[in-house]
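The block underneath contains the structure these notes are about, expressed in structure tokens.
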Amino acid sequence: MLKIYNSLSRKKDNFTPIEAGKVSMYVCGMTVYDFCHIGHARVMVVFDMVARYFRHSGFEVTYVRNITDIDDKIITRARENNESITDLTERFIAAMNEDSDALGVLSPDSEPKATLHMSQIIEMISTLIDKQHAYVGNNNDVYFDVSSYENYGRLSGKNTDELRAGERVEVQLEKHDPLDFVLWKAAKPGEPSWPSPWGDGRPGWHIECSAMSTYCLGNHFDIHGGGQDLQFPHHENEIAQSVCSTGEEFANIWMHNGFVRVDEEKMSKSLGNFFTVREVLQKFQPEVIRFFILSSHYRSPLNYSITNLEEAKSALSGLYTSLRHASSNAVDEPLKKYVDEFNACMDDDFNTPKAISLLHELARDLNKNSDKSSKEAAELTVTLRYLGTVLGLLQDDPQTFLQAKSDSSTDDLDEVAIQNFIDERVAAKSAKDYEKADQIRDHLQSLGISLEDTPQGTIWRRN
RNA sequence: GGCUGAGUGGCAGAGUGGUUAUGCAGCGGUUUGCAAAACCGUGUACCUCGGUUCAAUUCCGGGCUCAGCCUCCA
């Protein structure tokens, strides 16, 4: 039985889908005004893993991850860059897709953009006004009336009195209550706008997600996810908007992934301590980043550092090393024993670190098989690869992975050049000229290329 | 100040009321022309103080420290 930690209940809940055999999941995606950083990568990879595991478990999954393509930051950035909003957002959507492809993140089933759902957004706001959960301010902004929803604060564990007491945002006179939040912003000169019953304007951020999730998945769906920082106010506001407009329940389970940290501090744009995905890809293979992300639990903080990525690289290389020689011929099914154990790990709130430890055990069992052509070796290989697939790992050819160049590679040799050195060394070895053979090996080693003499011949890898 | 969550061996990171996590690094061995890779062996780890218990790192309470949210943020 799959258990998922539900931010709403603050405990691991048994997962019972609304419709048997199906899962509907909405995740708050990116606001596209800059390159994705490792924190964004974590959201993409974590929920990709969740979707993959659901599919592996036999569910029919509908995974929606939205794109916020209209927002204050986008407007500001476009103005700074002196480019159109569409040019800016298109550029960063393309960049985001490159990053997510590199990280082995499968495309969600749907990636709605806010600007293409204005009619749903306006309709939802109208409903909220009709039901007296929202009001139009003197400035023609539309606000949600927080006092009209009694469960406000349930998700974030806050109560409205405390929120008012701790109010740190400057009070806007148009609001009835400082906690009220904007649903529709009246257009300011030079800003993009859409027509609405309250005049030209654009939607607030929170309503976009309510409208798009409802449009894509219906009023009531299984899982809503996103980064921990969205729990309040974004997700709290989404619940208020959706429940008040539809009169139905919203998401059953709320999943929040932990932050990526740098030096014990949250990685964020505002702190300026972020590393973009493409920046890190200069130095590490994409799968190393994915492995790094999955090697800690999705709710734990994840400390970004070169040392930790290097460790992830070593660990992942170990798994690939075990896959090098064994064949997978004549075996179709992964070994049930390992699959069951793997499922038990993942059923416990997606415990990927524990699942990965099982992968290491499989690799060790595989390495113990001296006969690489044995049926057992083939079974273990198939199982390791299969379980890797569920996590989006170990899909590369082992030699390709182990020989890949990276920023830290110091050689500029191609495969032919390396093979020539190896041939030369093999010849020296057969002539028992070990001094020369060692010289060649040391030379390659100094360039970051390691040789291994195996029964199948000499093979190489980049460190 | 309010509300969350966390403190595990050199590092990373799971987990558990009494028994080996796992990985990286280290050390010893097997193997190898020598290496590498691999395998085997190797660590008196659970912030602190009380409490519950036959037994607590694990449960409860206090304290200390750290992080996050309360403002845009994945």
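Every value quoted in this text rests on a predicted model; they were computed, and no experiment measured them. Naming: A, B, ... by sequence-line order, numbering from 1 per chain.
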>> Going by purine N1 to pyrimidine N3 plus the second Watson-Crick contact, or the G-U wobble pair, all under 3.5 Å, which nucleotide sits opposite B/G43?
In response: none
>> Please evaluate residues A/D453 and A/K429 with respect to the criterion salt bridge (charged side-chain N to carboxylate O under 4.0 Å, His left out), reporting the C-alpha separation (whole Å), side-chain torsions for both, the decisive distance (0.1 Å), and the verdict.
In response: CA-CA 11 Å; A/D453 295 331; A/K429 271 199 350 168; 3.0 Å; yes
> Taking the same atom, P, in B/A74 and in B/U16, what whole-Å distance lies between them?
Replying inline: 33 Å
> Would you call A/Y434 stacked on B/G33, i.e. ring centres under 5.5 Å apart with the planes less than 30° off parallel?
Replying inline: yes
>> Could you tell me the Watson-Crick or G-U partner of B/U16, where both distances fall under 3.5 Å? Say none if there is no partner.
In response: none
>> For A/P353 and A/K429, find the nucleotide of RNA chain B closest to each by heavy atoms; which residue's nucleotide sits nearer the 5' end?
In response: A/P353
> Hey, do the aromatic rings of A/F342 and A/Y386 have their centres closer than 6.0 Å?
Replying inline: no
> Which value, in whole Å, describes the distance between the P atoms of nucleotides B/G63 and B/U20?
Replying inline: 35 Å
> Do the side chain of A/K269 and the base of B/C72 come within less than 3.5 angstrom through a donor-acceptor pair of N or O atoms?
Replying inline: no
> Quick one: the side chain of A/R441 and the base of B/C34, do they pair up donor-acceptor inside 3.5 Å?
Replying inline: yes
>> Is there, by distance only and without an angle test, a donor paired with an acceptor across the side chain of A/K73 and the base of B/C73 below 3.5 Å?
In response: no
>> Give me the atom names and distance for the closest heavy-atom approach of A/K73 to A/Y33.
In response: CD-OH, 3.3 Å
>> Using a heavy-atom cut-off of 4.0 Å across all strands, would you classify A/S268 as base, sugar-phosphate, or nothing?
In response: base
> Think A/K313 has a side-chain N or O under 4.0 angstrom from the OP1 or OP2 of B/C24?
Replying inline: no
> Across all strands shown, which nucleotide pairs with B/C66 by Watson-Crick or G-U wobble geometry, both distances under 3.5 Å?
Replying inline: B/G5
>> What I want to check is whether an N or O donor and acceptor connect the side chain of A/Q228 with the base of B/G68 at under 3.5 Å.
In response: no
> On a whole-Å scale, what distance lies between the C1' atoms belonging to B/A45 and B/C11?
Replying inline: 13 Å
> When you compare B/U19 with B/G28, how far apart are their C1' atoms, in angstrom units rounded to a whole number?
Replying inline: 26 Å
> Under a 3.5 Å cut-off for both distances, is B/G10 Watson-Crick or wobble paired, and to whom?
Replying inline: B/C24
> Taking any strand in view, what nucleotide pairs with B/U52 in a Watson-Crick or G-U wobble way, both distances under 3.5 Å?
Replying inline: none
>> Set out, in order, the CA-CA distance, both residues' side-chain angles and the distance that settles ring pair (Phe, Tyr, Trp, His ring centres under 6.0 Å) for A/Y143 and A/F181, then state yes or no.
In response: CA-CA 5 Å; A/Y143 296 99; A/F181 55 91; 9.1 Å; no
>> More than 12 heavy atoms of other residues, nucleotides or ligands under 6.0 Å from CG of A/D263: yes or no?
In response: no
>> Applying the Watson-Crick and G-U wobble criteria at under 3.5 Å, what pairs with B/U32? Answer none if nothing qualifies.
In response: none
> Does a distance-only test, which skips hydrogens and angles, find a donor-acceptor pair under 3.5 Å between the side chain of A/N159 and the base of B/G2?
Replying inline: no
